[in-house]
Amino acid sequence: MKPIVWLASFPKCGNTWARLLLANLGAQEARSINSIGTGDGIASSRRRFDDVCLIASGLLTHEECDAMRPALYRHLAARGGLRATTGEGGDDPLGAFQWIKSHDAWTSTAAGEPLLGGGTIAHAAVLIVRDPRDVVASLANHNGQTLEEAAAMMADPESAFAGRSDRQPHQLRQSLLGWSGYYRSWIEQTEVPVHVLRYEDLQAGAADALGALLAALGIAVEPARLERAAQWSAFERVQAQEAESGFHEAPVKLGTGRFFRSGRSGGWREELSEDLRLRIERDHAAMMARFGYLPEGKG
Amino acid sequence: MFHYVMSGLRVTSDLAMPGLIETAAAADAAPDVRIRQGEVPLALAACDTSGPNWQMAGDRFLLRIPGIVRMTLDAGTAITWQCEGETRPEDALIFISGSGFGLLMHQHGRCIMHGSAVEVGGRAVLFCGPSGAGKSTLAAAMAARGFGHVADDQCVLSGLSGGEVLVHPDGRAHKLWEQAITKLDLAERSGAPVRSALRKFFVAPHATSAADSGAALPLAGIYILAEARAPDLVKGDRVTITPFNLADAAIAVRANAYRPAMVERLGQAGLYLQAAAAAQRSGGVFRLVRPMNFAVMDEVIDALVRHWQDTGLAERVA
């Protein structure tokens with residue numbers, strides 16, 4: 001048994017950055033964005049489902065796939081078989097766990113099982129959160145949508161990634177439940193201990209934020225190593241890598257140099273109209289207050 | 001009883017299975033494989049190894065798709081299946097003729113690749129890749145350009161130990177999603193859904209092939225499909241066809257076996273090394289990188305045709 005730590009976030013909230021930081025923590029030399037694992041590193045990997053279950057997930061409906069996923073993760077946790085973000089062995093301080101990205105909200109299958117296999121296989125979840133007013137422009141860019149369309153998706157409790165039925169999406173369907181629904185689902189479940197990692201705190205000081213997170217998870221790392229990982233994962237460095245050679249995980253239609261778009265916090269002050277800002281603050285008031293993006297009481 | 005040729009083997013089934021190559025009953029010989037409905041246990045006694053939904057015990061294999069169907073595969077010669085819950089057989093058959101039969105080929109000790117195949121100059125070219133790589137779509141687009149259909153998803157290779165390598169057809173239908181049917185303008189050739197709940201359909205190929213009767217064709221090359229994306233995409237042409245050296249070909253062929261995990265589990269790595277060497281002898285193993293976009297499908301096929309003219313496989317542009 002090698003327990004999982006879920007790296008859970010709504011899309012465009014800093015998951016890739018967190019994965020790069022963790023990969024660099026265990027690395028002996030700087031890792032590039034294209035070397036931190038491919039699409040197989042995500043919970044919703046179709047290829048891994050097919051390889052391990054020996055059937056074509058593409059011949060199942062989304063619901064039929066979901067019904068099989070809990071057993072898949074239990075099997076992989078038991079065998080230590082998930083291809084993780086980190087885990088190069090040697091002196092990797094993260095090596096006791098399998099660190100797996102997931103954009104799946106915490107949901108249950110029709111039979112009532114937690115989709116991600118429940119608390120017995122997971123040590124913890126790192127819930128990566130970002131101000132939804134900044135997420136909206138990043139999501140619009142990622143999906144090729146207008147800001148209004150992205151805001152509507154973030155407010156939609158039925159929203160999903162890879163949810164189409166007229167073709168075979170690259171990944172298994174990930175129910176998002178909207179931005180608020182996503183985070184509410186994770187903090188209200190009681191099976192897996194949740195540790196919140198705010199994008200804004202990473203930005204204010206990645207080494208400190210990462211160190212605090214790992215301490216909470218019971219993992220001690222020397223400060224120098226945290227500093228080194230933060231330097232190797234600096235946003236300007238990541239952006240330069242993307243400009244040079246692209247990012248393997250970016251949507252193809254983005255072309256070069258736009259997955260890592262601005263990386264700023266508070267960019268919404270220039271990018272969002274007053275109407276859109278008010279809409280997002282209204283749609284997500286309770287969760288924004290919960291994570292410190294709105295004063296208590298406004299929620 | 002229904003009679004088929006599947007991957008070069010004579011198969012009988014107590015239910016009609018769509019998309020396969022029908023044949024007359026052989027009066028003089030027993031079938032190679034029997035597929036029948038029957039009682040299937042939920043678990044095998046004393047299993048050697050298992051996955052989330054399967055178990056293996058000696059030469060017996062149990063595969064379960066919960067709520068839909070479960071089946072036992074015995075010694076490469078028999079599949080027994082039982083539907084679960086309210087599932088009707090029509091909605092389970094694709095798992096029996098697909099996953100079930102493919103795993104049975106591993107038991108049988110045959111080399112089975114995860115690929116589609118088309119006929120070029122009287123020989124078979126394979127397009128391999130994981131689910132979603134575009135195997136069926138490329139084969140269907142090529143059939144519309146006159147290249148005969150050989151296989152949609154599984155290609156058994158025989159004759160690996162010397163002489164001519166043969167590719168055995170898996171059926172006579174494309175299996176395509178609604179989006180591909182629309183984009184390739186194949187609505188008129190589209191038939192029943194692969195399963196009633198899926199918008200994926202059996203589609204009759206445009207071009208006929210010697211493989212339509214179940215006959216094998218000599219192998220002319222293996223093309224591993226990859227999507228043009230960063231970092232490759234930013235570095236060069238949109239469509240590239242690059243030969244693998246033997247070492248990389250060996251890795252690629254094994255990785256593109258049908259259910260690669262079974263190769264190791266059944267100790268058949270040597271067979272796939274042999275297949276890579278045989279493929280190199282028969283024309284080569286190549287990486288085909290292209291955008292996965294219907295708008296550039298003709299460009300992809302043009303690049304393949306030019307490549308086959310260069311290698312001498314195709315005499316003229318189809």
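Each chain gets a letter, A, B and so on, in the order the sequences are listed, and its residues count up from 1.
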Do B:I68 and A:L60 touch side chain to side chain, with heavy atoms closer than 4.5 Å? yes
At a heavy-atom distance under 4.5 Å, which candidate from B:E178, B:M292, B:R64, B:R195 has the highest pair count against chain A? B:R195
For the residue pair B:S131 and A:Q168, what are the closest heavy atoms and their distance? OG-NE2, 2.7 Å
Quick one: are B:P260 and A:D51 in side-chain contact, heavy atoms under 4.5 Å? yes
Using modelled atom types and a 3.5 Å cut-off, is there a donor and acceptor pairing between side-chain atoms of B:R229 and backbone atoms of A:A250? yes
Looking only at heavy atoms, which two atoms of B:I65 and A:M68 are closest? And how far apart? CG2-SD, 4.3 Å
Please report the interatomic distance CD1(A:I55) to CG(B:L103), rounded to the nearest 0.5 Å. 10.0 Å
Are the side chains of B:K183 and A:R167 in touch, meaning some heavy atoms are under 4.5 Å apart? no
Please find the pair of heavy atoms, one from A:L59 and one from B:F95, that lie closest to each other, and give the distance. O-CZ, 3.5 Å
Is the side chain of B:W54 donor-acceptor paired with the backbone N or O of A:V52 at a distance under 3.5 Å, no angle test? yes
Tell me, yes or no, whether the heavy-atom count around A:E158 atom CD, taken from other residues, nucleotides or ligands under 6.0 Å, exceeds 12. no
If I take atom SG from residue A:C53 and atom CZ from residue B:R259, how far apart are they, to the nearest 0.5 angstrom? 9.5 Å
Nearest heavy-atom pair of A:L54 and B:M262: which atoms, and what distance? CD1-SD, 3.9 Å
Honestly, the part of A:A56 sitting under 4.5 Å from a heavy atom of chain B is both
Which atom pair, heavy atoms only, marks the closest approach of A:R47 to B:A255? NH2-O, 4.2 Å
How about CD on B:E264, more than 12 heavy atoms from neighbouring residues, nucleotides or ligands closer than 6.0 Å, or not? no
For the interface with chain A, which of B:P130, B:A261, B:A180, B:A197 has the highest count of heavy-atom pairs at distances below 4.5 Å? B:P130
Just so I know, are the side chains of A:R74 and B:P52 near enough to count as touching, which here means a heavy-atom distance under 4.5 Å? no
Do B:T182 and A:D166 have side chains that approach each other closer than 4.5 Å (heavy atoms only, starting at C-beta)? no
Taking side chain as everything from C-beta outward and backbone as N, CA, C, O, which of these in B:F201 sits under 4.5 Å from a heavy atom of chain A? Side chain, backbone, both or neither. neither
